[in-house]
Amino acid sequence: MKKIRQNITIRKEGDVKRKSVCLGLAALLMLSLSGCSVVERVQYQWEGSGAGHWEEAALEAGVENQVEEYYYNHLPEELHEAYREIYVHLMKNEDSGSFLSEIDVDNFWKAYYAVLADHPEIFWIGTSAQIEESGIDKTVVSYTCETTVPVEERSTMKAQLEAAADECIYSIPSDASDYEKIKYVYEYIIDLTDYDANGIDTQNIQSVLLYQKSVCAGYSKAFQYILNRMGLFCTYITGTIKDGGDHGWNMVRIGENYYYVDVTWGDPVFANQMDGEGSEAVTNYNYLCCTETELFKTHVPSDAVPLPPCTSDDYNYYKRNGCYYETFDYDTIYNALMNSVWNGNANIVMKFGSDEAYETAKYELFENGMLTDPGQYLMEINGVSTWNYKYHTDDEFCLITLYWW
């Protein structure tokens, strides 16, 4: 995620104060602002009605919500009307106009961010917006959103995005469990997409589903969009990574439990530095349905929305696939290595349950000759006189990935 400079330009004419705000969608959670040109003054007139007005407007316009809105459900109730007003305007392609709900600037941004976090299908909003504030009661009176897709092109792009998502969905076996669906979409997006900060419209889903080049916002929103389209709960989370920089990822629910997913960091491009000169890249499953204990080693969520506990490891990839070792047992690891060679695997992944077990494994594998027998076996079954290996170690997750040929 790119960082957004903070700068607000305010001018006052009569009873209307005009505030121009560029809002980075990837950093909306932090309400980051940067200056841009001031909008023309508009006539302010209150025309709102009682509670439920915008819910009714959504029904009348045929744009009623089709997904579970996590951010809406966690907004203060007094912001629900503003949220739905923004949603209706955007879904009706009303990218600018008067704003009728009586809320101040800070609450406008809370509602605005919540709409975009809940609805990745709103794919035409760019990285800035402008609002105008009343100089009398400090409420927002109008808005203008930056857009990246012209109105006349949106229907065509919407159909293209739905077809691209359905291509993924139709490839999933009909009897797949919720976890299997989540895992499939995780792998699908990773295989489909190249991480590229210079891609087209990288803050939105088309960067992944149509152009296959994106950054964390695009990865996460495309993942959310596909899962929502299958009727699965998935929401968008933003925060920072501990070495600095804004970041976005997801939260899913399986049964009664919540789990974190970071599709971007599942991409091999984000693997820790390789020990040796490169290797065949493999998907990183540390960030598939992981716990907060695992994720918060590297990620720090913002406080814009309350988050439930994510403590279950029922869907830990390594435990489910027989490559998790609570302790280091020489014979167990030796047999796993030999079986990997026998089965013709190009790599083997081993996750350990403690730093002690992990450090012991690194010593035995790379300093104490534990790889000698698998190497000899590899040469024997392939009828060659040499063999090669490279490896990747992840100290945060106690993970060793070994590649051989």
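Predicted, not measured: the structure shown is a model, and the values here were computed from it.
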To the nearest 0.5 Å, what is the distance between [atom1] ([X]) and [atom2] ([Y])?
X	Y	atom1	atom2	answer
Ile226	Ile205	CD1	CD1	8.5 Å
Leu402	Thr393	CG	OG1	11.5 Å
Met91	Arg84	CE	CZ	10.5 Å
Asp394	Ile400	CG	CD1	10.5 Å
Cys216	Asp267	SG	CG	12.5 Å
Leu371	Leu365	CG	CG	5.0 Å

Counting only N and O atoms by type, is there a donor-acceptor contact under 3.5 Å from the side chain of [X] to the main-chain atoms of [Y]?
X	Y	answer
Asn204	Ile125	yes
Thr372	Gly369	yes
Thr139	Ile103	no
Asp196	Lys213	no
Asn316	Lys319	yes
Tyr219	Tyr195	yes

Do we get Arg154 above Phe123's six-membered ring, with its NZ or CZ under 6.0 Å from the centre and within 45° of the axis? no
Does the Lys NZ or Arg CZ of Arg320 fall within the cation-pi geometry relative to Tyr179 - under 6.0 Å from the ring centre and within 45° of the axis? yes
Quick one: sort the [X] and [Y] rings into parallel, tilted or perpendicular, breaks at 30° and 60°.
X	Y	result
Phe99	Phe108	perpendicular
Tyr87	His119	tilted
Tyr389	Tyr391	parallel

Do [X] and [Y] have side-chain N/O donor and acceptor atoms under 3.5 Å apart?
X	Y	result
Glu85	Ser101	yes
Ser214	Ser207	yes
Asn388	Tyr403	no
Asn250	Gln224	no

Checking Phe223 against Tyr236 for the ring pair (Phe, Tyr, Trp, His ring centres under 6.0 Å) test, could you report, in this order, the C-alpha distance in whole Å, the side-chain angles of both residues, the deciding distance, and whether it holds? CA-CA 9 Å; Phe223 182 74; Tyr236 180 53; over 10 Å; no
For Thr144 and Asp95: C-alpha separation, side-chain torsions, deciding distance, then whether side chain to side chain contact (heavy atoms under 4.5 Å, CB included) applies. CA-CA 6 Å; Thr144 301; Asp95 304 324; over 6 Å; no
Leu210 and Met157: CA distance, side-chain angles, deciding distance, side chain to side chain contact (heavy atoms under 4.5 Å, CB included) verdict: CA-CA 9 Å; Leu210 301 184; Met157 182 170 286; 3.9 Å; yes
Can you give each donor-acceptor pair under 3.5 Å made by side-chain atoms of residues 288-295, sequence neighbours left out, with the distance rounded to 0.1 Å?
from: Thr291; atom 1: OG1; to: Thr293; atom 2: N; distance (Å): 3.4
from: Thr291; atom 1: OG1; to: Glu294; atom 2: N; distance (Å): 3.2
from: Glu292; atom 1: OE1; to: Cys310; atom 2: N; distance (Å): 2.8
from: Glu294; atom 1: OE1; to: Lys297; atom 2: NZ; distance (Å): 3.0
from: Glu294; atom 1: OE2; to: Lys351; atom 2: NZ; distance (Å): 3.2

Counterpart residues, side chain to side chain donor-acceptor pair (under 3.5 Å), relative to [X] (two or more places apart):
X	value
Thr193	none
Tyr324	Glu326
Tyr318	Asn286
Glu146	Thr127, Ser128

Walk me through whether Val300 and Lys242 qualify under side chain to side chain contact (heavy atoms under 4.5 Å, CB included). CA-CA 7 Å; Val300 181; Lys242 287 193 174 178; 3.8 Å; yes
Mind checking what makes side-chain contact (heavy atoms from CB on, under 4.5 Å) contact with Pro76, not counting sequence neighbours? Glu78, Leu79
All pairs passing ring pair (Phe, Tyr, Trp, His ring centres under 6.0 Å) where residues 136-164 contributes a residue, at least two apart: His89-Tyr143
For Glu152, does the CD atom sit with more than 12 other heavy atoms under 6.0 Å from it, leaving out its own atoms? yes
Which atom names give the shortest non-hydrogen contact between [X] and [Y], and what distance separates them?
X	Y	result
Tyr225	Ala165	CE2-CB, 3.6 Å
Asn284	Tyr186	O-OH, 2.5 Å
Trp249	Ser220	CA-OG, 3.4 Å

Under the salt bridge (Lys or Arg N to Asp or Glu O under 4.0 Å) rule, what pairs show up with a residue in residues 353-369, not counting sequence neighbours? Glu359-Lys362, Lys362-Asp395
Kindly state each residue pair satisfying salt bridge (Lys or Arg N to Asp or Glu O under 4.0 Å) with at least one member in residues 172-185, sequence neighbours excluded. Lys183-Glu187
Asp166: which residues meet the salt bridge (charged side-chain N to carboxylate O under 4.0 Å, His left out) condition with it, sequence neighbours left out? Arg229
Determine whether Tyr287 and Phe397 satisfy the following criterion, ring pair (Phe, Tyr, Trp, His ring centres under 6.0 Å), listing intermediate values before the conclusion. CA-CA 10 Å; Tyr287 303 96; Phe397 286 87; 5.2 Å; yes
side-chain hydrogen bond (donor to acceptor under 3.5 Å, both in side chains) evaluation trace for Thr240 with Asp246: CA-CA 4 Å; Thr240 60; Asp246 300 331; over 6 Å; no
Hey, can you pull the donor-acceptor pairs under 3.5 Å for the side chains in residues 251-263, sequence neighbours left out?
from: Arg253; atom 1: NH1; to: Glu68; atom 2: OE2; distance (Å): 3.1
from: Arg253; atom 1: NH1; to: Tyr258; atom 2: OH; distance (Å): 3.2
from: Arg253; atom 1: NH2; to: Glu68; atom 2: OE1; distance (Å): 2.8
from: Tyr259; atom 1: OH; to: Ser312; atom 2: OG; distance (Å): 3.1
from: Asp262; atom 1: OD1; to: Thr264; atom 2: N; distance (Å): 3.2
from: Asp262; atom 1: OD1; to: Trp265; atom 2: N; distance (Å): 3.2
from: Asp262; atom 1: OD2; to: His247; atom 2: NE2; distance (Å): 2.7
from: Asp262; atom 1: OD2; to: His299; atom 2: NE2; distance (Å): 2.7

Return all side-chain donor-acceptor pairs below 3.5 angstrom for residues 332-341, not counting sequence neighbours, or 'none' if the list is empty.
from: Thr332; atom 1: OG1; to: Asp329; atom 2: OD2; distance (Å): 2.8
from: Tyr334; atom 1: OH; to: Asp373; atom 2: OD2; distance (Å): 2.9
from: Asn335; atom 1: ND2; to: Asp331; atom 2: O; distance (Å): 3.2
from: Asn339; atom 1: ND2; to: Asn335; atom 2: O; distance (Å): 3.1

Output, in order, the C-alpha distance, side-chain angles, deciding distance and verdict of side chain to side chain contact (heavy atoms under 4.5 Å, CB included) for Thr235 and Glu69. CA-CA 8 Å; Thr235 195; Glu69 296 170 316; over 6 Å; no
